[in-house]
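Have a look at the structure below before the remarks.
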Amino acid sequence: MAAPHEDALARIDHDGVIREGIEAVETAAVGQTRSSFFKRGSALAGAGLALGAIPAGFAIAQGGLPKGDVKILNYALTLEYLEAAFYKEAIDKGELSGESQIFAEVVAAHEAAHVDALKQTLGKKAIKSPKVDFGGATGKSKFLETAQILEDTGVAAYLGQAGAIKTPAVLSAAASILSVEARHAAWVRDIIGGGKGVNPAPDSFEMPQDMAAILDAVKGTGFLKG
Amino acid sequence: MHNDHIPTFSELDRDGAIEEAAARAGVTRSQFLRRGAFVGGGLIIGGLPAAFSLAQAPGKGDVDILNYALTLEYLEAAFYQQAVDKGALNGQLARFAKIVAEHEQAHVEALEKALGSKAVKEPKFDFKGTTDSPSTFGDTAKLLEDTGVKAYQGQVTNIKAGAVLQAAGSILPIEARHAAWIASILSDGSGSPSPAPDAFNPSADMAAILSAVEATGFITTESGSSSASPSSGTPSVAG
């Protein structure tokens, strides 16, 4: 029953709002497994070639995206804005050191690249960067646990949209980000666990979470202010 | 049509919540609970995720992709099981091998179930001593996991059935987690090799992956179609 990050949640969840969000996530995942059988588009050749910093999957004609894909991309962009701002603030605070600092610097660059790619793809339809307030979560004592929650959430969020994306190029690009979010999640879990505790890959199969559940959980953190 | 309208986060949130709540209304929690146990955040039926209980038999293209995935999972599962059995590992590497061996075996069983009689048979393997020492095990595990991520990613747009995409999608991030985990162990806190070397993970197509697997020499017999489907177009690892 327990979400893999329950222990970490307990450490930062002052008033239980995140836990409520996660419970909503668990409940909502039920609907996702039943409802997310979508028709697939046709094949797209290749995939991962990067054009500059942006993968080819994002180099698609603006304005040609179906409304549903625009919504999914803006949802992803919101999560990436949140992650990018979190890591930047943690680095700027200057309280991290060692492996945590290496992790923060690498991942900050990745999340910023995801933001840039999504904004470029969406063009004028891109959502604005929200105001954020991370409180003490970017400080040394809470950074790793918060990062773990954000990354595990990102994995579930991208996976939850895989069946809903209509444009093959968008699906290909989203998959390339999904893999990277999963790498971040395992990496920070290994740093926290130190080879003994938190399992970097806690299950044989990753569970998707739907948009409503993720947004409830994100709202529950209080990190987003606008 | 409304390119000048820039949505706010609260608009996105509201729209998402309404749409998803409507979707969720299609099934109640009690209906769901009758279908199987909700374990560890996953819907598990008969020990396997529900995503692998394909309501419709997959088409030929999807069968080929699933058998390709199954071949890679056979390889990984056998590699880790041999490493565990040999007992040359300790500490973090031993823990990694034990846990990942279980995951890869679960992937094998799930894919076999999804394919039914069309599942390819397990090939014979020769891991050429790479499971004999911690250093060769670690380097080989990293190669296999990085390859697995690229392989699954390379098929996401080729898969036709939504249910098959869902099933493959539930494995892709696990392979990525394994890949980052082994890199993190090997890096010993130095960040090199990086557990997440790129902002966008590269993918690879079937031909490139099968060439790379062939080059290892780990597969000593071709995986073959079961007798029930002699012409299912199984990818030939031996070229």
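Each chain gets a letter, A, B and so on, in the order the sequences are listed, and its residues count up from 1. Small disclaimer: the values here were computed from a predicted structure and weren't measured.
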The single option from B:Leu70, B:Leu72, B:Thr71 passing side chain to side chain contact (heavy atoms under 4.5 Å, CB included) against B:Tyr68: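 Looking at B:Leu70, B:Leu72, B:Thr71, the match for B:Tyr68 under the side chain to side chain contact (heavy atoms under 4.5 Å, CB included) is B:Leu72.
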Sole candidate of B:Val100, B:Val84, B:Leu144 that passes side chain to side chain contact (heavy atoms under 4.5 Å, CB included) when paired with B:Phe79: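 The residue from B:Val100, B:Val84, B:Leu144 that satisfies side chain to side chain contact (heavy atoms under 4.5 Å, CB included) with B:Phe79 turns out to be B:Leu144.
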Only pairs of heavy atoms separated by less than 4.5 Å count here; which of [options] has the most with chain A?
options: B:Pro173, B:Ser184, B:Gly169, B:Pro197; value: B:Pro173
options: B:Ile185, B:Leu172, B:Ile174, B:Ile171; value: B:Ile174
options: B:Ala180, B:Pro195, B:Gly189; value: B:Pro195
options: B:Ala176, B:Ser170, B:Gly61, B:Ser194; value: B:Ser170

Side chain A:Thr167, main chain A:Ala169, donor-acceptor under 3.5 Å: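 Here the side-chain-to-backbone pair does not exist.
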N/O donor-acceptor pair under 3.5 Å between B:Asp198 side chain and B:Asn201 backbone: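 Pair absent, no side-chain N/O of B:Asp198 close to backbone of B:Asn201.
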Option in A:Ser179, A:Ala186, A:Ala112 with maximal non-hydrogen atom pairs under 4.5 Å from chain B: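 Looking at each option in turn, the highest pair count goes to A:Ser179.
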Is it the side chain or the backbone of [X] that comes within 4.5 Å of chain A heavy atoms, both, or neither?
X: B:Leu93; value: neither
X: B:Ile99; value: side chain
X: B:Glu102; value: backbone

Whether B:Phe96 and B:His178 hold their rings parallel, tilted or perpendicular, with breakpoints at 30° and 60°: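 Judged by the thresholds at 30° and 60°, the geometry between B:Phe96 and B:His178 is perpendicular.
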Short N-O contact, B:Arg177 and A:Asp190, less than 4.0 angstrom: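 A:Asp190 and B:Arg177: not salt-bridged.
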B:Glu76 side chain to B:His107 side chain, donor-acceptor N/O pair below 3.5 angstrom: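 No, no side-chain donor-acceptor pair sits under 3.5 Å.
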Side chain / backbone / both / neither for A:Lys196 at chain B, heavy atoms under 4.5 Å: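 The answer is the backbone of A:Lys196.
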